[in-house]
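Notes follow once the structure below has been shown.
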Amino acid sequence: MNRLLPPDITCTRQHSGAVAIYTFRHRELGELGRMVLTDYPGEQTQVSCEVVGESDDPMTLTRLALFQPLTENILQAMATQPVDIRTTDASPLIPSLACERVESKMLPCEVCGCPVALLIFAAGAQSPADFADYARKMFHLYRDMNVPAWIIGDSLGVPGFSTPSCVMKVWPARESIRQVTPADFNDDLDRLLSGHCRL
Ligand SMILES: [Zn+2]
C-alpha cells in the first residue's frame with residue numbers, strides 16, 4: 001500500500017480478527033482518516049472510508065481533499081490486483097486522545113465573569129501534525145465556547161517565564177504555530193482580559 005502513498009502521508013495498520021484498520025496521517029495535518037476493511041468469509045471484503053473531524057470544522061474539508069483521492073486510488077488498485085496490505089509504515093501513532101484527558105483552562109473576565117479566552121494544553125505535542133491533531137480533537141470545545149483559543153505545547157527547554165513554547169491560535173481563525181514565551185503570552189492575555197468590559 002505504501003507505493004500508493006504520497007511521500008508526506010504515512011499509514012499504520014491495526015489488525016483484530018477479520019477487521020483491519022488503516023490510519024492515514026499527513027506530515028503537517030496529522031490524522032486524515034481511516035480505511036476499515038472487514039473480511040467476510042466467502043464474500044468480498046467490505047471497505048469503509050472515513051475522514052476524521054467534525055463536519056463543521058473547516059479543516060475537515062482540507063483533510064477530505066487529500067483523503068478522498070488517496071482512498072479512491074487505493075480502492076481502484078485493490079479492484080484490479082491484490083494490493084499488498086502487509087507493508088505498512090512503522091511510524092508510531094501518538095496515543096489516542098479519546099481516552100486521554102486534555103487539560104484546558106477557560107479565562108473569565110474579572111468584571112462580568114464571561115469567558116474571554118480558552119487555553120488548551122497539548123501535552124507531548126511536537127510536530128505540526130501533533131498540533132493539528134489537538135486542534136481537530138478539541139474543535140467542539142473552542143467552537144462551542146466561541147472565544148479566542150490557543151493550543152499551547154510543552155515548554156521548549158527548562159520551564160520558565162522566558163522559555164518559549166510553541167503556540168497555535170485556533171479560534172476564531174486558525175493561525176500558524178509560533179514560538180512565544182509565557183511572559184509575552186501572558187501580556188497578550190492580560191490585554192485581552194482587561195479590555196473585555198472596557199468596550
Ligand atoms: Zn467582561
Side-chain angles (χ1 to χ4, degrees), residues 8 23-34 50-68 92-199:
D8 49 1
T23 305
F24 297 89
R25 288 181 68 77
H26 184 268
R27 190 164 43 86
E28 287 185 3
L29 298 173
E31 189 176 329
L32 295 175
R34 303 180 192 102
E50 48 198 46
V51 69
V52 289
E54 312 253 347
S55 56
D56 57 342
D57 179 351
M59 288 306 292
T60 302
L61 273 183
T62 308
R63 285 187 284 269
L64 188 64
L66 287 168
F67 185 62
Q68 197 166 9
L93 285 169
I94 66 164
S96 167
L97 301 183
C99 50
E100 188 189 313
R101 231 179 72 93
V102 177
E103 197 188 335
S104 65
K105 188 177 174 187
M106 185 274 281
L107 303 179
C109 172
E110 283 176 11
V111 180
C112 71
C114 289
V116 177
L118 175 68
L119 310 180
I120 295 164
F121 299 97
Q126 290 178 344
S127 68
D130 296 338
F131 276 81
D133 284 337
Y134 271 97
R136 170 173 55 80
K137 292 187 176 175
M138 301 306 284
F139 178 78
H140 63 99
L141 180 68
Y142 53 81
R143 175 202 59 202
D144 292 351
M145 205 164 267
N146 197 19
V147 294
W150 289 264
I151 292 180
I152 300 167
D154 297 330
S155 198
L156 297 169
V158 182
F161 277 102
S162 53
T163 309
S165 298
C166 284
V167 169
M168 181 166 80
K169 192 171 186 179
V170 289
W171 195 265
R174 186 149 160 164
E175 297 178 5
S176 27
I177 297 173
R178 58 197 180 97
Q179 289 190 11
V180 189
T181 63
D184 288 342
F185 191 62
N186 287 344
D187 283 349
D188 289 348
L189 289 177
D190 284 344
R191 263 192 296 278
L192 194 66
L193 286 164
S194 61
H196 190 256
C197 272
R198 261 202 224 142
L199 297 172

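Whatever order the structure lists them in is the order used to number ligands and atoms, beginning at 1. The structure presented is a predicted model; accordingly, all values stated were derived computationally and were not measured.
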Contacts of R143 meeting salt bridge (charged side-chain N to carboxylate O under 4.0 Å, His left out) (sequence neighbours excluded), chain-then-number -> E54, D56
When you measure from the Zn ion (ligand 1) to the N, O or S atoms of C114, does any of those distances fall below 2.8 Å?
no
What is the ring orientation for W171 with F139, classed by angle as parallel under 30°, tilted 30 to 60°, or perpendicular over 60°?
perpendicular
Any side-chain heavy-atom pair from M168 and R174 closer than 4.5 angstrom?
yes
Atom of H196 nearest the Zn ion (ligand 1) (restricted to N/O/S, atom name only)
ND1
Need one value: angle at the Zn ion (ligand 1), C109 atom SG versus C197 atom SG, rounded to 10 degrees.
110°
Decide yes or no for E31 and T23: does some side-chain heavy atom of the first lie under 4.5 Å from some side-chain heavy atom of the second?
yes
